[in-house]
Protein chains: 2
Amino acid sequence: MAVPELDAKEIDQLLADHPDWSLARDGKAITRTFQFKDFSEAWGFMSRVALQAEAQDHHPEWFNVYAKVEVTLTTHDAGSNGGLSHRDAKLARAIDAL
Amino acid sequence: MAVPELDAKEIDQLLADHPDWSLARDGKAITRTFQFKDFSEAWGFMSRVALQAEAQDHHPEWFNVYAKVEVTLTTHDAGSNGGLSHRDAKLARAIDAL
């Protein structure tokens with residue numbers, strides 16, 4: 001089921017609301033890198049994000065090595081070939097609130 | 001603290017023992033991709049690997065998107081610039097046993 005893509009103004013608002021996130025993939029995604037003290041702390045964060053993601057039925061793409069977590073948010077069902085949607089805004093808000 | 005790198009013969013043995021893993025990064029790492037039914041199942045797997053990793057004090061580099069998990073094992077303290085060590089063999093064995 002197609003999800004509406006955010007328009008340019010909505011994307012500007014998203015970045016203004018979440019200044020720690022950056023546009024990626026030609027504006028089709030946002031990304032943020034988190035640095036923790038150690039793996040245990042990084043994993044604790046990931047576990048909390050996983051619960052949120054499952055509850056929202058919208059999941060991150062993420063990479064972890066030891067204390068570092070790189071999170072990328074995009075909506076595969078948005079636009080003709082993936083893009084940003086309100087689902088990404090919602091998950092970014094939940095992650096920033098952790 | 002430097003960890004001894006596996007020699008060519010030991011790497012051959014590692015790949016023979018773990019045929020689902022492939023050499024990566026010019027022989028400095030091994031990688032395996034796991035495909036699950038959904039995020040919940042992928043996350044369950046990752047949680048079990050996380051416990052093993054923490055117990056072994058040796059952690060994977062990994063990427064997850066929804067039901068897919070790409071695991072890369074390498075030892076940053078091996079050789080002069082990272083490489084494969086017995087730690088990777090041990091963690092691969094634990095992961096394969098899950």
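Sequence lines set the chain letters: A, B, ... in the order given, protein chains first and strands last, and positions in each chain run from 1.
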**Complete:** The interface call for T72(A) against chain B, heavy-atom contacts under 4.5 Å, is neither

**Item:** Transitive ILVMFWY side-chain link L91(A) to Y66(B), under 4.5 Å
**Value:** yes

**Message:** In this structure, would V3(B) and L84(B) fall into the same cluster of hydrophobic residues linked by side-chain contacts under 4.5 Å?
**Reply:** no

**Message:** Heavy-atom count check: over 12 atoms from other residues, nucleotides or ligands less than 6.0 Å from D7(A) CG?
**Reply:** yes

**Which of K68(A), M46(A), H76(A), E70(A) touches chain B most, by non-hydrogen pairs under 4.5 Å** = M46(A)

**Asked** What is the ring orientation for W43(B) with W43(A), classed by angle as parallel under 30°, tilted 30 to 60°, or perpendicular over 60°?
**Response** parallel

**Hydrophobic cluster identity match, L51(B) and V49(B), side-chain contacts under 4.5 Å** = no

**Parallel, tilted or perpendicular: rings of H59(A) and F39(B) (30°, 60°)** = tilted

